[in-house]
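Indexing begins at 1, ligand by ligand and atom by atom, following the structure's order.
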Amino acid sequence: MEQTQIPIGMLLQKAVKIRTHILEMLAEAKSGHPGGSLSAVEILVSLYFYAMQHDPKEPTWPDRDRFVLSKGHAAPVLFATLAEAGYFPVSELKTLRKLNSRLQGHPDQRIPGVEFPGGSLGIGLSAAIGMALAGKIDKKDYRVYALLGDGELDEGETWEAAMAAPKFKLGNLTAIIDRNGIQQDGLTEQIMPMEPLAYKWKAFNWNVLEVDGFDLRQIIEALEKSGNMRNRPTVIIAHTVKGKGVSFMEWDPAYHGKAPDKDTVKKLVESMRNQ
Ligand SMILES: Cc1ncc(C[n+]2csc(CCOP(=O)(O)OP(=O)(O)O)c2C)c(N)n1
Ligand SMILES: [Mg+2]
């Protein structure tokens, strides 16, 4: 598809809405994970409002593309995106983490549009491989996308999965790494250095692409390139900033799992809407 056809204006508006939902949901819940939700906004926007074939009115459509949020603690960005896409009412977002709500701290398959109950890090890529393999066996054209955290790559199962996907020639699989450089307690390169990351995936025989994870055109172009692969899985290393869009959260590991208060969020949302 030509770049000129990308509806950038609409996608940018969705990104602002989703960022504001995330902040409002977390302030209302008084808990949750803002940093890794905010870093992945443009990735989910590019998937749900451009790249993926899906139908919010028919969440279990057999031919739909699948999205696996392996870094399940970023549930707020998934819930806000699904609500904006029409899977359930936007008004439900304010029930996040409340008693009797289906929107809890991690994704749950009772929620329309949720494919995988992430939360325990390290397992999403394996699940995505299963879905992609099933698609090949069933001769379906759907694609499977999995979003992984960079700290999540400390989990050994990720590398078992990384070895397995090329063996099964899963050209219908795209893994995306939210490379925000921070995990729960600090910088990834201090806790468990993972560079040279691209070379590691190349050595495992993946098609490796790197993008600025906030540049919608770059993300979409990479997703389209991955869609052209027939026999090799693709990994997109998306360079992002944890806490993106909120100056005091950006690059601060403290905002991995700390909710902002309501007054602060009110001011932030006003300024975001006026941008
Ligand atoms: C198996 C497992 N161990 C520990 C945790 C606790 N935990 C939740 S988020 C997180 C850090 C994840 O960092 P990263 O993957 O970089 O996520 P992001 O920066 O995108 O938020 C940890 C250790 C978990 N959810 N699962
Ligand atoms: Mg991280």
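- Ligand 1 is never approached by Ala74 to a heavy-atom distance shorter than 4.0 Å.
- Protein heavy atom at the shortest distance from atom 26 (N) of ligand 1 is Leu121 N, 3.0 Å.
- Considering both main-chain and side-chain atoms, Lys71 comes within under 3.5 Å of ligand 1 through a nitrogen or oxygen pair.
- Against a heavy-atom cut-off of under 4.0 Å, Asp150 is close to the following atoms of ligand 1: 15 (O), 16 (O).
- Checked for salt-bridge contact, Glu28 and Arg97 miss the test: no charged N lies under 4.0 Å from a carboxylate O.
- Looking only at distances, no side-chain donor or acceptor of Thr264 sits under 3.5 Å from a matching main-chain atom of Pro260.
- In this structure, of Glu157, Gln183, His73, the residue bringing a heavy atom nearest to atom 17 (O) of ligand 1 is His73.
- Considering backbone and side-chain N/O atoms, His33 never comes within less than 3.5 Å of an N/O atom of ligand 1.
- Contact detail for Gly151 and Thr188: the closest heavy-atom pair is N-CG2, 4.1 Å.
- Between Gln184 and ligand 1, an N or O atom pair is found at a separation short of 3.5 Å.
- Contacts with ligand 1 closer than 4.0 Å are made by backbone heavy atoms (N, CA, C, O) of Ile182 only, the side chain lying farther away.
- Because its NZ or CZ atom is both nearer than 6.0 Å to the ring centre of Phe214 and within 45° of the ring axis, Lys244 counts as a cation-pi partner of that residue.
- A 6.0 Å sphere centred on CG of Asp261 holds more than 12 heavy atoms belonging to other residues, nucleotides or ligands.
- Heavy atoms of other residues, nucleotides or ligands lying less than 6.0 angstrom from NZ of Lys200 number more than 12.
- In terms of protein heavy atoms, atom 14 (P) of ligand 1 is closest to Gly151 N, 3.5 Å.
- Counted by atom type alone, Thr240 and Arg179 present zero donor-acceptor pairs between their side chains at under 3.5 Å.
- Using modelled atom types, one finds a donor on one side chain and an acceptor on the other under 3.5 Å when comparing Gln183 with Asp154.
- With no hydrogens or angles considered, no side-chain donor-acceptor pair links Thr234 and Ser226 at under 3.5 Å.
- Close to ligand 1: Gly119, with a non-hydrogen atom less than 4.0 angstrom away.
- Here is the list of ligand 1 atoms found below 4.0 Å of a heavy atom in Asn180: 18 (P), 19 (O), 20 (O).
- Listed by chain and number, the protein N, O or S atoms at a distance under 2.8 Å from the Mg ion (ligand 2) are Asp150 OD1, Asn180 OD1, Ile182 O.
- Against a heavy-atom cut-off of under 4.0 Å, Ser120 is close to the following atoms of ligand 1: 1 (C), 26 (N).
- Ring to ring, His256 and His33 are close: their centroids are under 6.0 angstrom apart.
- Listed by number with element, the atoms of ligand 1 under 4.0 Å from a non-hydrogen atom of Gly36 are 20 (O), 21 (O).
- A salt bridge between Asp55 and Arg64 is absent, with no side-chain N of the basic residue lying under 4.0 Å from a carboxylate O of the acidic one.
- Of all atoms in ligand 1, listed by their number and element, those nearer than 4.0 Å to a heavy atom of Glu152 are 14 (P), 15 (O).
- More than 12 non-hydrogen atoms from other residues, nucleotides or ligands lie less than 6.0 angstrom from NZ of Lys98.
- Close approach to Glu155 involves these atoms of ligand 1, each under 4.0 Å from a residue heavy atom: 1 (C), 2 (C), 3 (N).
- The environment of Met10 atom CE is dense: over 12 non-hydrogen atoms of other residues, nucleotides or ligands sit within 6.0 angstrom.
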